[in-house]
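Protein chains get the first letters and strands the later ones, always in sequence-line order, with residue 1 at the start of each. FYI, side chains are in, hydrogens and waters are out, and symmetry mates aren't considered; it's all heavy atoms of this structure.
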Protein chains: 2
Amino acid sequence: MIQQKEKSFKQTPQRLAILECLKGNKSHPSAEDIFQKVKKKFPTMSFATVYNNLEAMKKRGTIHSLTIDSERMRYDPNTSCHHHIICVDCKKIIDVSVNVKLNIPEEEKCDFDILGNHIEFYGTCPDCNKEGQ
Amino acid sequence: MIQQKEKSFKQTPQRLAILECLKGNKSHPSAEDIFQKVKKKFPTMSFATVYNNLEAMKKRGTIHSLTIDSERMRYDPNTSCHHHIICVDCKKIIDVSVNVKLNIPEEEKCDFDILGNHIEFYGTCPDCNKEGQ
DNA sequence: GTTACTGCAAAGCTTTTGCATCCCT
DNA sequence: AGGGATGCAAAAGCTTTGCAGTAAC
């Protein structure tokens, strides 16, 4: 088997800024959110750089992307097993760490190899409930 | 309280064709998929008509939309409670009806009103497993 | 010196919208 | 007849890509 040399991962200031912005961030920001925040520090920051870096971090397993918001991709630096609640009105996303063991009966799997799962709870957040009266 | 007259829902041939295409369809098609299929019957069919109708049906609760595929919206005519497995390679989606009762402890909810939930299993389908050897 | 990253602009996709025309009820 | 739906084209988002210049290693 041919030894695949791993591509080096350079520590550029922009990349570090994106990582810093994401670190411990529980708001599940979109690429736009991240771009706006990092742009303050690097006014020349390009959108492509944000997307390229998010993609690179995803591939390395540093972050996860969430498909829960149909309007845009959301990113989560917390790669440990957890789930989410999304507000159907304002699209706010919060973490949930209910620990359920989910097993699919063999006959339901249709020979899929299951790698993992993610539970999306949807509802309305307190802020949107207030307004909706 | 003012009586809101319900908007009439006309039975146009195009709309019926879209409904027909969706009825019992377990492939979780995208708008493009539906468009291509219905276009065979109605060569003048417009993309806007497909989207308008899917949106209208969603509002009426006739169909659900799935955010599980990050590349595009997918539609599901099965509105009863069920979950999904998606193939991370080819994005094939199949139904799963594991019946789990998911309750979030009060302190995790952060005062959200929970309306429902959806479990996404992800993995690789038998077809993609074969190729990947 | 290499290799990868940045920034810019343009392109690519999916989805939405405006509007004139058409047609279901 | 009238309200809604259709079809077309254009626009609007989000995301990706090509490429020349630049910076990390």
Any side-chain heavy-atom pair of [X] and [Y] under 4.5 Å:
| X | Y | result |
| --- | --- | --- |
| A:Phe112 | B:Cys87 | yes |
| A:Ile119 | A:Val96 | no |
| A:Met57 | A:Ile18 | yes |

Quick one: which protein N/O atoms are closer than 3.5 Å to N/O atoms of nucleotides 6-8 of chain D? Pair and distance per line, please.
unit_1: D:dT6; atom_1: OP1; unit_2: B:Thr12; atom_2: OG1; d: 2.7
unit_1: D:dT6; atom_1: OP2; unit_2: B:Asn53; atom_2: ND2; d: 3.2
unit_1: D:dT6; atom_1: O3'; unit_2: B:Gln14; atom_2: NE2; d: 3.1
unit_1: D:dG7; atom_1: OP1; unit_2: B:Gln14; atom_2: NE2; d: 3.1
unit_1: D:dG7; atom_1: OP1; unit_2: B:Thr44; atom_2: OG1; d: 2.8
unit_1: D:dG7; atom_1: OP2; unit_2: B:Ser46; atom_2: N; d: 3.3
unit_1: D:dG7; atom_1: OP2; unit_2: B:Thr49; atom_2: OG1; d: 3.4
unit_1: D:dG7; atom_1: O5'; unit_2: B:Thr44; atom_2: O; d: 3.3
unit_1: D:dC8; atom_1: OP2; unit_2: B:Thr44; atom_2: O; d: 3.2

Closest nucleotide among D:dT15, C:dC5, C:dT15 to the A:Phe9 side chain: C:dC5
Sugar-phosphate, base or nothing in reach of A:Gln11, heavy atoms under 4.0 Å: sugar-phosphate
Spacing of A:Tyr51 atom OH relative to C:dA9 atom C1', expressed in whole Å: 16 Å
Nearest-angstrom distance from the residue atom CZ of A:Phe35 to C1' of C:dC8: 11 Å
First of B:Lys10 and B:Arg72 reached from the 5' end of DNA chain C, by closest nucleotide: B:Arg72
Residue pairs involving residues 84-99 of chain B (criterion side chain to side chain donor-acceptor pair (under 3.5 Å); sequence neighbours excluded): A:Glu108-B:Ser97, B:His28-B:His84, B:His28-B:Asp95, B:Asp76-B:His84, B:His82-B:His84, B:His82-B:Asp95, B:His84-B:Asp95, B:His84-B:His118, B:Lys92-B:Asp127
Rounded distance (nearest 0.5 Å) linking atom SG of A:Cys21 with atom NZ of A:Lys37: 4.5 Å
Atom pair OG1 (B:Thr124) and CG (A:Leu115), whose distance is rounded to the nearest 0.5 Å: 5.5 Å
